[in-house]
Amino acid sequence: MKSTSIHDKIIISTYKTDGLYFSVGISSLTHRIVGIALPHDGVSDSVAEISRLHQECEVSDEYIGIAKTISRIYKGEKINFELESLDLKVTGSKNIKSVVKTPFEREVLIQTAKIPSGDVRTYKYIAEKLGTRAYRAVGTALGKNPFPIVIPCHRVVKSNMKIGEYRGGSEMKKEILENEGVRIIRDRIIK
DNA sequence: TCACTGGCCACCT
DNA sequence: CAGGTGGCCAGTG
């Protein structure tokens with residue numbers, strides 16, 4: 001069986017601002033985003049975060065504008081991002097590996113995408129939207145979010161309004177939320 | 001199959 | 001308020 005992913009190539013573009021590097025990976029086949037890196041201090045770490053998940057990658061400036069847009073969201077600008085531009089499909093195939101692994105992860109991401117900038121929801125809220133009590137599984141799914149910043153997993157916090165964990169560290173989570181105008185005192189969201 | 005492991009939650013000291 | 005305990009359930013090997 002032929003895998004279409006054999007001919008797929010991921011283009012990785014990086015935008016630098018304020019000493020931070022933002023990378024985005026885009027499929028040359030589908031033209032959808034397949035990966036976003038959290039900001040890093042160096043360009044190699046930023047590129048590596050995306051490239052280690054894909055076999056064929058090419059570094060290019062082609063999509064630097066998208067990387068820049070992501071950096072602006074990080075800074076707190078309210079920018080509408082089409083969900084259509086993300087590769088959210090889930091394939092069960094062994095040959096063709098999708099970045100989103102299961103329907104559950106996909107639904108968690110879609111619910112999270114609805115949270116407006118400047119606001120937060122809880123892990124429990126997301127779980128209940130999916131009709132389950134798998135609160136922890138929601139956290140696990142968001143921990144694997146291939147599209148951080150654009151799919152705002154940083155806006156999902158604990159039920160007691162404490163910040164909770166983040167792949168880039170809770171300090172980074174706090175920083176993004178504050179950039180969006182969320183008030184935080186002693187690691188707790190103030191409504 | 002089955003026994004873990006978790007970006008959690010609620011409840012109890 | 002901090003820390004501990006049991007519970008929940010999707011993924012993983």
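Every chain is numbered from 1 and lettered A, B, ... according to where its sequence line falls, protein lines coming before strand lines.
Salt bridge status for A:Glu82 with A:Arg32: absent, with no side-chain N to carboxylate O gap under 4.0 Å. Of the charged side-chain nitrogens involved, at least one lies within less than 4.0 Å of a carboxylate oxygen, so that A:Glu58 and A:Lys9 count as a salt-bridged pair.
Base pairing of B:dG7: no nucleotide in any strand meets the Watson-Crick or G-U wobble criterion (both distances under 3.5 Å). With a 3.5 Å ceiling on both atom-pair distances, C:dC8 lacks any Watson-Crick or G-U wobble partner.
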Show the numbers, then the answer: is there a ring-ring contact (aromatic ring centres under 6.0 Å, His included) between A:Phe22 and A:Tyr74? CA-CA 10 Å; A:Phe22 294 82; A:Tyr74 182 91; 5.4 Å; yes
Please evaluate residues A:Lys78 and A:Glu180 with respect to the criterion salt bridge (Lys or Arg N to Asp or Glu O under 4.0 Å), reporting the C-alpha separation (whole Å), side-chain torsions for both, the decisive distance (0.1 Å), and the verdict. CA-CA 8 Å; A:Lys78 299 185 199 304; A:Glu180 294 180 347; over 6 Å; no
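When the nearest nucleotides of DNA chain C are assigned to A:Glu105 and A:Arg188 by heavy-atom distance, the more 5′-ward of the two goes with A:Arg188.
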At under 4.0 Å between heavy atoms, how does the protein contact nucleotides 1-13 of chain B? Give one character per nucleotide, 5' to 3', with B, S or -. -----BBBSS---
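Checking side-chain atoms of A:Glu77 against main-chain N and O of A:Ile73 turns up no donor-acceptor pair under 3.5 Å.
Residues A:Arg155 and A:Ser117 form a side-chain contact, since some pair of their non-hydrogen atoms from C-beta on lies under 4.5 Å apart.
Read 5' to 3', the first and last nucleotides of DNA chain C with an atom closer than 4.0 Å to a heavy atom of chain A are C:dC1 to C:dT12.
Rounded to the nearest 0.5 angstrom, A:Glu62 CD and A:Ser28 OG are separated by 8.5 Å.
With no hydrogens or angles considered, a side-chain donor-acceptor pair links A:Ser27 and A:Asp8 at under 3.5 Å.
Among the atoms of the strands shown, none is found under 4.0 Å from any heavy atom of A:Ser170.
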